[in-house]
Amino acid sequence: ELILDPNYKLTDSISFRVFYPTTPLVSEVAGELPTREDIIRIKEYAPKIQSGLASEKIDDVPNILNVIYGIMWVESKGYQWYPPGTTKNGKDVSGDVVESTTGCKGVMQLCTGSLQERENLDTNILGGIRIFKEKYNNPSFVTRKDRLKFALLSYNLGEGVVAGAIKELGKDDPSLEEVLGVLTPDMLKKYGGSVYNNKNYFPDDTSLQNKINIEAAPYVYKVLSAVS
């Protein structure tokens with residue numbers, strides 16, 4: 001459950017404070033909500049998203065259009081290309097395809113597929129929808145009450161990590177908060193494949209713990225609260 005701190009005073013229109021009281025790894029996470037401009041930008045993709053959803057026959061996910069909007073916003077703020085005036089490492093990257101430090105690209109931050117597929121807007125959106133569908137239908141998640149939340153967490157961390165955490169937790173129907181509570185750097189390295197063992201991306205356990213605490217823990221809540 002997402003709980004807003006009643007004593008926190010907003011300093012601007014998009015800041016808020018989120019608490020996860022049942023998650024021992026995270027006691028407080030600062031975050032943000034989309035601006036009006038963000039929402040307008042993301043909703044311009046509606047026809048492409050709806051086409052992709054129809055193509056992939058995803059019709060059993062509650063509020064699926066808003067879920068995809070939310071993924072887009074958290075992953076890239078809804079940008080396929082960097083807006084004018086964007087610099088990275090002192091270099092002007094305006095107009096370049098948005099890219100993460102681990103090489104994920106575009107509005108849905110695809111890490112797999114050909115370079116052309118990831119850099120083309122239509123195939124980027126469709127690829128992201130396919131990845132979400134794959135995670136939503138993961139056998140480790142389909143019978144869980146938090147199925148959607150596990151699918152979203154997997155979009156950020158990887159299916160292997162989330163399924164591995166569920167297995168190690170050993171409960172019939174764990175909650176998202178319980179799964180977040182058992183995640184460790186060793187678990188990321190054990191179940192997450194080569195990316196979490198790559199010292200260029202994650203040089204030490206502190207960087208892996210930061211991935212869990214700062215990025216993964218609030219990810220699901222940010223996606224689900226982004227667009228309503």
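- Checking side-chain atoms of D204 against main-chain N and O of S207 turns up a donor-acceptor pair under 3.5 Å.
- Nearest heavy-atom pair, N124 versus M108, reported as atom, atom and distance to 0.1 Å: OD1-N, 2.9 Å.
- Distance alone, capped at 3.5 Å, is enough to place a donor-acceptor pair between the Q109 side chain and the G106 backbone.
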### Message
Please evaluate residues T86 and K91 with respect to the criterion side chain to side chain contact (heavy atoms under 4.5 Å, CB included), reporting the C-alpha separation (whole Å), side-chain torsions for both, the decisive distance (0.1 Å), and the verdict.
### Response
CA-CA 8 Å; T86 304; K91 177 186 176 184; over 6 Å; no

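- Considering only heavy atoms from C-beta on, T112 comes within 4.5 Å of I131 through its side chain.
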#### Entry: side chain to side chain contact (heavy atoms under 4.5 Å, CB included) evaluation trace for E159 with F150
CA-CA 8 Å; E159 290 171 87; F150 291 146; over 6 Å; no

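- Exactly one of V161, L148, D146, L180 qualifies for a side-chain contact (heavy atoms from CB on, under 4.5 Å) with L153. That residue is L180.
- The closest side-chain heavy-atom distance from V67 to L152 is below 4.5 Å.
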### Task
Let me see the working for N210 and E215 under side-chain hydrogen bond (donor to acceptor under 3.5 Å, both in side chains), right down to the final yes or no.
CA-CA 7 Å; N210 286 339; E215 185 178 327; over 6 Å; no

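- Between the N197 side chain and the K189 main chain, a donor and an acceptor come within less than 3.5 Å of each other.
- Y219 and E75 are linked by a side-chain donor-acceptor pair at a separation below 3.5 angstrom, with hydrogens and angles left out of the test.
- Looking at R147 and N137, their side chains do bring a donor and an acceptor atom within 3.5 Å of each other.
- Note that CD1 of I58 and CZ of F132 are 6.5 Å apart. Values are rounded to the nearest 0.5 Å.
- No side-chain heavy atom of S140 sits less than 4.5 Å from a side-chain heavy atom of V162.
- The nearest pair of heavy atoms linking A226 to G70 is CB-CA, 3.9 Å.
- Hydrophobic cluster membership for V98: Y79, Y82, V93 (Ile, Leu, Val, Met, Phe, Trp, Tyr linked by side-chain heavy atoms under 4.5 Å, directly or transitively).
- Rounded to the nearest 0.5 angstrom, Q80 CD and M72 CE are separated by 9.0 Å.
- Clustering ILVMFWY residues whenever any of their side-chain heavy atoms sit less than 4.5 angstrom apart, transitively, puts L126 in a cluster other than the one holding I49.
- With contacts defined as side-chain heavy-atom distances shorter than 4.5 Å, the pair L224/V220 qualifies.
- Between Y196 and F202, the ring planes are tilted. Angles from 30° to 60° get that label.
- Residue L110 comes nearest to T123 through the heavy atom pair CD1-O, 4.1 Å, listed as atom of the first residue, atom of the second, then distance.
- With R144 contributing its side chain and L176 its backbone, the two residues share no donor-acceptor pair below 3.5 Å.
- Taking NZ of K105 as the start and SG of C111 as the end, the distance is 11.0 Å to the nearest 0.5 Å.
- Separation of atoms CG (L169) and OG (S175) is listed at 8.0 Å; rounding is to 0.5 Å.
- Judged by distance alone, the side chain of E56 and the main-chain N or O of L53 form no donor-acceptor pair under 3.5 Å.
- Side chains of W73 and D38: a donor-acceptor N/O pair is present below 3.5 angstrom, by distance only.
- More than 12 heavy atoms of other shown residues, nucleotides or ligands fall within 6.0 angstrom of atom CG in D173.
- Taking a cutoff of 4.0 Å between a charged side-chain nitrogen and a carboxylate oxygen, K190 and E168 qualify as a salt bridge.
- Counting heavy atoms from C-beta on, the side chains of L188 and P185 never come closer than 4.5 Å.
- Across all non-hydrogen atoms, the minimal contact from S76 to V107 is OG-O, 2.8 Å.
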### Task
Please lay out, stage by stage, how K48 and S51 fare under the test side chain to side chain contact (heavy atoms under 4.5 Å, CB included).
CA-CA 5 Å; K48 297 181 185 296; S51 176; 5.7 Å; no

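- Across all non-hydrogen atoms, the minimal contact from T101 to Y201 is O-CE2, 3.5 Å.
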### Task
With side chain to side chain contact (heavy atoms under 4.5 Å, CB included) as the test, would you mind laying out the steps for I214 and Q209 before giving the verdict?
CA-CA 8 Å; I214 297 172; Q209 192 68 59; over 6 Å; no

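- The shortest side-chain heavy-atom distance between E99 and C104 does not fall under the 4.5 Å cut-off.
- Annotation: D205, atom CG; neighbour count of heavy atoms from other residues, nucleotides and ligands within 6.0 Å is above 12.
- Distance check: T184 OG1 to I212 CD1 gives 6.0 Å after rounding to the nearest 0.5 Å.
- For the atom pair CG of L183 and CG of L157, the computed distance is 6.0 Å after rounding to the nearest 0.5 Å.
- Minimum interatomic distance between G78 and I42 (heavy atoms only, all atoms of both residues): CA-CG1, 3.9 Å.
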